[in-house]
There are 6 protein chains.
Amino acid sequence: MRGDGRQYDETRAVKITPNYIKHAEGSVLIEVGDTKVICTATIEEKVPPFMKGQGRGWITAEYSMLPRATQVRNQRESAKGKVGGRTMEIQRLIGRALRSVINLEALGERTIMLDCDVIQADGGTRTTSITGSFVALCYAIHKLMQNQKLSKSPITDYLASVSVGIVKNRTCLDLNYEEDSQAKVDMNVVMTGQGKFVEVQGTGEDSPFSRDELNELLAAAETGIQAMITKQKETLGPIVSVVGAEANAGSK
Amino acid sequence: MRGDGRQYDETRAVKITPNYIKHAEGSVLIEVGDTKVICTATIEEKVPPFMKGQGRGWITAEYSMLPRATQVRNQRESAKGKVGGRTMEIQRLIGRALRSVINLEALGERTIMLDCDVIQADGGTRTTSITGSFVALCYAIHKLMQNQKLSKSPITDYLASVSVGIVKNRTCLDLNYEEDSQAKVDMNVVMTGQGKFVEVQGTGEDSPFSRDELNELLAAAETGIQAMITKQKETLGPIVSVVGAEANAGSK
Amino acid sequence: MRGDGRQYDETRAVKITPNYIKHAEGSVLIEVGDTKVICTATIEEKVPPFMKGQGRGWITAEYSMLPRATQVRNQRESAKGKVGGRTMEIQRLIGRALRSVINLEALGERTIMLDCDVIQADGGTRTTSITGSFVALCYAIHKLMQNQKLSKSPITDYLASVSVGIVKNRTCLDLNYEEDSQAKVDMNVVMTGQGKFVEVQGTGEDSPFSRDELNELLAAAETGIQAMITKQKETLGPIVSVVGAEANAGSK
Amino acid sequence: MRGDGRQYDETRAVKITPNYIKHAEGSVLIEVGDTKVICTATIEEKVPPFMKGQGRGWITAEYSMLPRATQVRNQRESAKGKVGGRTMEIQRLIGRALRSVINLEALGERTIMLDCDVIQADGGTRTTSITGSFVALCYAIHKLMQNQKLSKSPITDYLASVSVGIVKNRTCLDLNYEEDSQAKVDMNVVMTGQGKFVEVQGTGEDSPFSRDELNELLAAAETGIQAMITKQKETLGPIVSVVGAEANAGSK
Amino acid sequence: MRGDGRQYDETRAVKITPNYIKHAEGSVLIEVGDTKVICTATIEEKVPPFMKGQGRGWITAEYSMLPRATQVRNQRESAKGKVGGRTMEIQRLIGRALRSVINLEALGERTIMLDCDVIQADGGTRTTSITGSFVALCYAIHKLMQNQKLSKSPITDYLASVSVGIVKNRTCLDLNYEEDSQAKVDMNVVMTGQGKFVEVQGTGEDSPFSRDELNELLAAAETGIQAMITKQKETLGPIVSVVGAEANAGSK
Amino acid sequence: MRGDGRQYDETRAVKITPNYIKHAEGSVLIEVGDTKVICTATIEEKVPPFMKGQGRGWITAEYSMLPRATQVRNQRESAKGKVGGRTMEIQRLIGRALRSVINLEALGERTIMLDCDVIQADGGTRTTSITGSFVALCYAIHKLMQNQKLSKSPITDYLASVSVGIVKNRTCLDLNYEEDSQAKVDMNVVMTGQGKFVEVQGTGEDSPFSRDELNELLAAAETGIQAMITKQKETLGPIVSVVGAEANAGSK
């Protein structure tokens, strides 16, 4: 058993509170154990300059942590005057992941901006941001359909993410901060409801890993991601049909 | 009566949830109507370079809004690469206000940093930040006393803040966003539990105001601030004694 | 009596030299004691993007100090790569104050930019900047009228500013640097020729203040501001009529 | 066959010119097809502040492209005033990858900085940078040993990297720019001489991928990486022993 | 004759007002025609990090223009967030020029910072800054000697600067703005009292120039510089001896 | 004889490799001794905003050094977040120099951007950049003519640059790094094929220089520049006619 009493292939408790911020077109507070992220979706009726006139939409993301989301306070990036490498890497990942389940042509020439603000961090903030912002995105798309700006949803499948790692020689699912800081191998996986990979990012800085270890990690990730998608469906409830019927039928 | 059904001299509903962020030495979620701010207090066992070796502590503050705290999304200051004038003005105000009720010698050579992050905005975010961060500061001081780093509290009095203004020719207490955008005169007042002024910032950009109007505004502010201080005492409950006994006796 | 021989309710010597910079549409060198500020007004025949097409003009301001305006040299903000919080707070104040006595519709879609550059500082640089830039603004408006770009002046009233404070338990008018650094309460007041308040910014960081003290400070400020407005009228001389006839009649 | 006549599992021609820059402690010009990168290794006899006094060394990297390395000129990051997200992501990857085959304790309290400057780009610039900078690092370690600053090499294994992807439904090894821009799935793999994974970064933004596809991609990567390591050994020639004897024996 | 009535080899009227800024260790307002520059010298009892412990001092300079020094308002460099290329070029030139007549060993481990702030510009701002800041530097050195921090002046010679150029095919001395904008060849020359060149910067962007033309330009510059040095001596008056006796004897 | 065996009036070995970067419209690798610079020319079919609609083209330049081009590694300007003064001075010089031999009207409304990236530095990087980028520019113009975007070349003359200096009391041509760091006087000269001066930048920070010394330096520079132009002609070979026939006839 693990430090917090979980099985090796068990995620932490997941709670998704929808419509958390009244001004946003879509929003959730997602809690995965003690990691808490506010995800909001903002619709803008325009696309970035490099995409103008192509009849396609755009999905992008920004990520930040409150200074005291962590055990030791972090200086604000606004005070430093620049966005750090880790932040950029994460927000690029979130945007790329979400775009993989959106038909940008069907979205039309508009942008949906996902803001992921970590208010409390305990490991897995990037994967939690992806899982939560997918739900916020669903609410925003639902609003576009209600307002008759879209007749058909551009969302092609569910999308969620978890971290996995090798901690004390055991493959563990959904690492908390303490586990993460001891992990020899650390991997973030993003998958669709259909069980396909969107992102696989594994790193063995402290200890390179074998093909067999990789396979075990991916299997654990798949388990965790299906659990997250189940939670997403429960949260969406009456608006679950914004995710393509096929996806609802087909997700494992 | 006002747009949201309030009396002219009535504040919105106030709710203060203490210990909201597990890592911080002190923290609250403060809600004044639909304005919601997370205030955390971080203790650092050092002071800024310009204060070294003087045997005195320091209190400072930072303020920020999540991009979608507002009706229209605001660009992040980290993405712009600089902190804007409004933000700087507000964080200077918060720090200055809190320092007025702290005996910096009694605090010793340490810094307490207050972070005020607005997660939802509906008017009065700077005054709400002051009222909330005073409570977060009390929890941090309490922790220092529990850990025997301080034997006596350096907090000399309560401190809270409200906005007042002249809207449609009526003096109104605690303006929401809609009222604020119609106000001819807008004033932020910070007062102590003893009823003394710490900051008076009134501006009549759209319409200069008379001495009589100023007096009415200050009277309304006093009412509101006493209501806020009552809420602070309720929240502090068992640890209310971190605010000097004299202050607890004497506050009106 | 005060350190420099003044009465408690006496301002320092005031001197305003108009047309100090040949290129600017309006300019003065204003000296209040040893505080010296060059104020220039620049007319631009356009408004900021957020105001386009509304038929209204805009007044804005920038403030800076030469590095050696002060006893200890200050690093240039251009070298630091950013404008500091104090500077932003001051330039926002100057712009807001001047706009209160301008009819922006009557100004038409143009911007007047006031640049306040402190060449020598001895306390009261922000209030001196307001008093001086009002005069520079009058010259710029006069030029627009001479060039028949405006048929009627948009200036509705006089505007000036002074600092007041409580120093060694005495209410003092127009603090110099030495007094300012000892003041327990510090207040900047901006008033119109008609005697109405445009800005009241009082702060008692070191010592909260009572309603009675506030009233005394405001009375002293009123005396000082009327003295400044008298100087402004003397300087304007033949072009005094750019300030509305009513204002000239009515100012106390 | 592919557009440039290669087999699907064939890398482009690889050429590594050692000692390319006379001032650097280690340097190569590495050419993989038309992609050309100058990699230099700089030894500094100190570590970053956060590592001081721990008796361990540090390896870090910076990456940049000349403005006209690409078909369309890119604005310099120095002119933009900030390092972009893609650059940060790449330089973090290079540093992390190299650290995985270095015993930081054995390196001692010194930093080796790898600079990877792309002078001509045709796909695979990040993987080429890793493969080249490993060789530059070997030369720098060799120099430390020659100068008797190190008695034993801290390099534990070979390290190289290639890209693989799915282009027109075929798994391809070592994508050039044209292939890269058509790839549905894109993966960068870093492996050691012993055949273990250090980094696996696969992304299916345009088309999620299955476990079988992932396995095929990893197999192709392994082939390519062994080819790169063969080239590294040829280049190192007489100094090949800076890579641990075990690694030289054991690499496949 | 020239547009403003001058002879081709005649400078504009020069006026140097010493002790213009009360806080600075040395200061002048220098006026050359309508070009007006405030030059202040600030003494700091330390040297930049790269010079520590060498027993030598340092002279450096900063240059700036007030936004409305020019016909069209320039945006502040603080607002842009960076110092422009022209400014950097000029301030490097001023520092380098002044250092050529200072014995840095004799100055001791201290820095003198010259700030040149152009309050009104009409051509020749960089040359005027050099001529003026030499005088401010003399006052600062005089102060060090009065305070017995220096027993012997480190100033080895006079130093002044003028611009020359070819305008409408005539060699002209000390160009004003109108002439400068029509000049085919433009040259800034810095010379010592002994008649030696410190800087020669000639540029023929619009029209390359011959050796004969160069010689004529240098002759005109020499005339102008001697006139400037005469003015410097008049200004220094009683403290003229801070410039080495030899220099006072020897300057032409 | 000099440290590296050269005569005082002898340049180092010069090698110019054309078409060094495949993507650029013009490019060379220029080597002058151990100084190596990649110069690329990029054609953009537009001009900067301030030149729009005037029917004239623009030539501009950027300059940078790889971090390890020098003996001690330099921090990247992108990492510092700003371009330094030395870089700005050099890139302004390169652009200005090249524009002196281009008929901007004949170029038409397009910009040619020259990028000079120093990959190895051993003195004279700015002069080498000018000499090399002139050749890159010729190739870019040739391409415009081949593509029938220009019927006539806008290049009016050859252009090259060398450094000269006084080292150990001897006038030396083309200083290497070691000589440069010992030089009392340092001068960069840019000349046309017709033998006219475009830029003369001499500085005697450590030791002012006389008119006679200046004349000797200019004579040495002329020798060196003619040698550089001979090399440029050899490199251009078949496309030498992009430089005006007159220039080819007339250059000395």
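First the proteins, then the strands, lettered A, B, ... as listed; each starts at 1.
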Worksheet item: Roughly how far, to the nearest 0.5 Å, is OG1 of Thr111(C) from CE of Met51(C)?
Response: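 One gets 7.5 Å once the value is rounded to the nearest 0.5 Å.
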Worksheet item: Which pairs count as ring pair (Phe, Tyr, Trp, His ring centres under 6.0 Å) when at least one residue sits in residues 179-214 of chain C, sequence neighbours excluded?
Response: Phe197(B)-Phe209(C), Phe209(B)-Phe197(C)
Fill in: Polar contact flag, side-chain donor to acceptor under 3.5 angstrom, Glu216(C)-Thr171(C)
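A pair is found: one side chain offers a donor N or O, the other an acceptor, under 3.5 Å apart.
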Discussion item. I'd like to know if the side chain of Glu213(C) and the backbone of Ser210(C) have a donor-acceptor N/O pair within less than 3.5 Å.
Written reply: yes
Discussion item. Is the ring pair Phe50(B)/Trp58(B) parallel, tilted or perpendicular, if the boundaries are 30 and 60 degrees?
Written reply: perpendicular
Item to complete: Please flag which part of Asn215(C) lies under 4.5 Å from any non-hydrogen atom of chain B: side chain, backbone, both or neither.
Response: both
Fill in: Donor + acceptor pair across side chains of Glu199(C), Thr203(B) (<3.5 Å)
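Yes - a donor-acceptor pair under 3.5 Å links their side chains.
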Worksheet entry | Whether Thr131(B) side chain and Thr128(B) backbone form a donor-acceptor pair below 3.5 Å | no
Discussion item. Rounded at 0.5 Å granularity, tell me how far NZ in Lys231(C) sits from OG1 in Thr11(C).
Written reply: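 Taking NZ in Lys231(C) and OG1 in Thr11(C), the distance rounds to 9.0 Å.
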Item to complete: Indicate yes or no for a side-chain donor-acceptor contact from Asp157(B) to the backbone of Gln194(B) under 3.5 Å, with no hydrogens or angles considered.
Response: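 A pair under 3.5 Å: yes.
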Worksheet item: Pick from Gly202(B), Gly204(B), Gly81(B): which one has the most heavy-atom pairs with chain C under 4.5 Å?
Response: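 Heavy-atom pair counts peak at Gly202(B).
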Worksheet item: Of all of Arg92(C), Met88(C), Lys82(C), which one pairs up most often with chain B through heavy atoms under 4.5 Å apart?
Response: Arg92(C)
Fill in: Per-residue contacts, residues 61-79 of chain C versus chain B, heavy atoms under 4.5 Å
none
Worksheet item: Do any N or O atoms from the side chain of Glu109(C) and from the backbone of Gln54(C) form a donor-acceptor pair under 3.5 angstrom?
Response: yes
Discussion item. Which atoms of Thr192(C) are under 4.5 Å from chain B, going by heavy atoms: the side chain, the backbone, both sets, or neither?
Written reply: side chain
Review item, side-chain donor-acceptor pairs of residues 161-170 of chain C, under 3.5 Å, at least two apart:
from, atom 1, to, atom 2, distance (Å)
Ser161(C), OG, Val189(C), O, 2.9
Ser163(C), OG, Leu175(C), N, 3.3

Item to complete: With a 4.5 Å heavy-atom cut-off (strictly below), which parts of residues 93-108 of chain B touch chain C? List them by number.
Response: Arg96(B), Arg99(B), Ser100(B)
